[in-house]
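Index from 1, following the sequence. When a ligand or atom number is given, it counts from 1 through the structure's own listing order.
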Amino acid sequence: MLVSQLLLPTLRETPAEAEVISHQLMVRAGYIRKAAAGVYTFLPLAWRVIKKIEAIIREEMDRQGGQEIMMPIIQPAELWQESGRWDVYGPELFRLKDRHGRDFCLGPTHEEIITDLVRGEVKSYKQLPLMLYQIQNKYRDERRPRFGLMRGREFIMKDLYSFDRDEEGLDTSYRKMYEAYTRVFLRCGLRFRPVEADSGAIGGNDTHEFMVLADSGEAVVVYCPDHSCGYAANVERAVSPPDPEVVPEPARPAKPVATPGMRTVDEVTAFLGVAPRKLIKTLIYETEKGPVAALVRGDRDVNEIKLKKAVDVISLELAGPEAVERITGSPVGFAGPVGLTGVKMVADREVEVLSNAVTGSNRKDFHLVDVNPGRDFKPELVTDIRLVGAGDPCPGCGTALVEARGIEVGQVFKLGDKYSKVLGATYLDQDGRERPIVMGCYGIGVTRTMAAAIEQNHDQDGIIWPAAIAPFHVIVVPVSARDGEQYAMARRVYRTLQDAGVEVVLDDRDERPGVKFKDADLVGYPVRITVGSKAVASGEVEVRLRRDGTIRMVPEEELVIRLSELLNSEQVIV
Ligand code: ATP
Ligand code: MG
């Protein structure tokens, strides 16, 4: 392909509305253009990247026995009403009506459609297990579509659904998909980590998220640096053993102490001369089921996802100053569990074992000391509601956990019989008994993977594509396209590479070399071959790797072999 003919509109300026680097670079380097918030056109180079990611995904799904199908984007409301999700999915669901006034939605996911298909077609245990997938546009009216392809309202997803006879079969399908996902992201040349994840609103059992590690990631994960242990989890889900250093003390009688104007854990503990881990922090939340008081140690934070699950609510918001005053009778900073009524009280496990602790007193400018859980207050629920972070001990081996940020590019999920039960997808087992099909669902964000690859692989000059998903592998740049000899040699190199199956473009534009080099770096071709006057004289061309900027001189006749070596070694740089 000739660069002069490519639709590759590079920009010098960083687009104002692009907040993250992948979005900025994709716009600047001429990969995408916006049609509406969270809705994009993919220009030729972007589409090549997407097709490569899709090809890798297809191969790995097929390798595990997945069969590709294509389901409709437009889905009838009746199916969603049947599953119960028409009402609970909320404003993220794009809804529409046909000319007869019938309700439809644009598919954000396909559990309903596929379960409907399978309940109609699968009758016997002989037809199971089954794995069906598609790669298709998905529609979600995200509250905040932003960060370019990271959170679109129209985006491409691969979704696979597994159907098994029983839990054991599901375990096998789940393992197969876990392996497939590992292979997909390895082959894409990405640094990633599968982590234990929270199962969220779908409920259910096992789930892992595949996180591309990048500082700009929205998700926080913790992992054990000890490779032989391998524990890794989204902080939403992460657990850690309770502090082993807590020694019970003989209980002293609780008493109030004046703490004028001391509201924060640091202020109160410094003022009283005790360690933050001796304080019980009381946080007041409002939920649709009424107020909740969450108790954690002063040196810990509340994991709101765990708390939400523990009290089984859909909405959970930290109460504002007025609500705190109404609920506890005191301003923010003085809430405490002793004598607190009219709230559901949930204590973290580490709180239960404290003795002679400091708490708020529900009275302005006073705290209580020598408070003893069990004696002075009784929580309704004692469970793990603590947010785990860097430095906390690994639940597997005790090593201090490490924190990293990640971009969720895929998730694997055991659904069990959630959808098959409500939609009546059953089969007859060997004994002729009717049983619900056991399901799993497995998604990869194709367009988000493309963005994540850039978030992880770029520098100040532009994108650095891993070779496996680069739109082209090589760009050949004649220093002066007007110089007949240089251009002839560049063209010859270009043709030779093309004939050898290398994906190559020739920058035939009559531009200054600096402009061409800048564009090549911005677009992110893994290899640049420069043909200048020296090359014409010596027969050696300059081969530069985008990733590390290293340059080597390669005789024209050795180019094909050297390039295949370089690109192959690049393939395994992860
Ligand atoms: P998130 O929590 O980021 O909204 P999700 O849990 O809703 O993601 P899933 O329903 O598990 O996502 O979808 C499978 C995959 O689709 C995700 O792992 C992600 O890679 C991708 N994905 C989800 N929402 C979007 C979006 N709005 N734009 C781009 N990709 C998305
Ligand atoms: Mg989502």
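Residues Y181 and F210 bring their aromatic ring centres within 6.0 Å.
By the criterion of a heavy-atom distance under 4.0 Å, neither the backbone nor the side chain of T109 is placed next to ligand 1.
The side-chain heavy atoms of L106 and I74, taken from C-beta on, include a pair separated by under 4.5 Å.
Heavy atoms of other residues, nucleotides or ligands lying less than 6.0 angstrom from CG of L381 number more than 12. Around the CD1 atom of I314, the shell of radius 6.0 Å holds no more than 12 heavy atoms that belong to other residues, nucleotides or ligands. For R144, the CZ atom counts as loosely surrounded, since its 6.0 Å shell holds 12 or fewer non-hydrogen atoms of other residues, nucleotides or ligands. No more than 12 heavy atoms of other residues, nucleotides or ligands shown are found within 6.0 angstrom of CG on D215. Counting non-hydrogen atoms of neighbouring residues, nucleotides and ligands closer than 6.0 angstrom, the CD atom of E288 exceeds 12 such neighbours.
In this structure, V409 counts as a contact residue of ligand 1, since one of its heavy atoms falls inside 4.0 Å of the ligand. Taking a 4.0 Å cut-off on heavy atoms, E209 fails to register as neighbouring ligand 1. Ligand 1 does not have I156 within reach: every non-hydrogen atom of the residue lies 4.0 Å or more from it.
Residue nearest to atom 6 (O) of ligand 1, selected from R143, Q411, E154: Q411 (by heavy-atom distance). Among R151, R140, M450, M150, the residue whose heavy atom lies nearest to atom 23 (C) of ligand 1 is R140. Of the candidates R153, R448, E408, the one placing a heavy atom closest to atom 18 (O) of ligand 1 is E408.
Atoms of ligand 1 found under 4.0 Å from any heavy atom of G410 (numbered from 1 in listed order, with element): 18 (O). Below 4.0 Å from some heavy atom of G152 lie the following atoms of ligand 1, by number and element: 26 (C), 27 (N), 28 (N), 29 (C). Within the listing of ligand 1, atoms 24 (N), 26 (C), 27 (N) sit less than 4.0 angstrom from a heavy atom of E142.
At a 3.5 angstrom cut-off on N or O pairs, L149 does not count as close to ligand 1. An N or O contact shorter than 3.5 Å is missing between F155 and ligand 1 by distance.
Each of K306, K309, K308 was compared with D198 under the salt bridge (Lys or Arg N to Asp or Glu O under 4.0 Å) criterion, and only K309 meets it.
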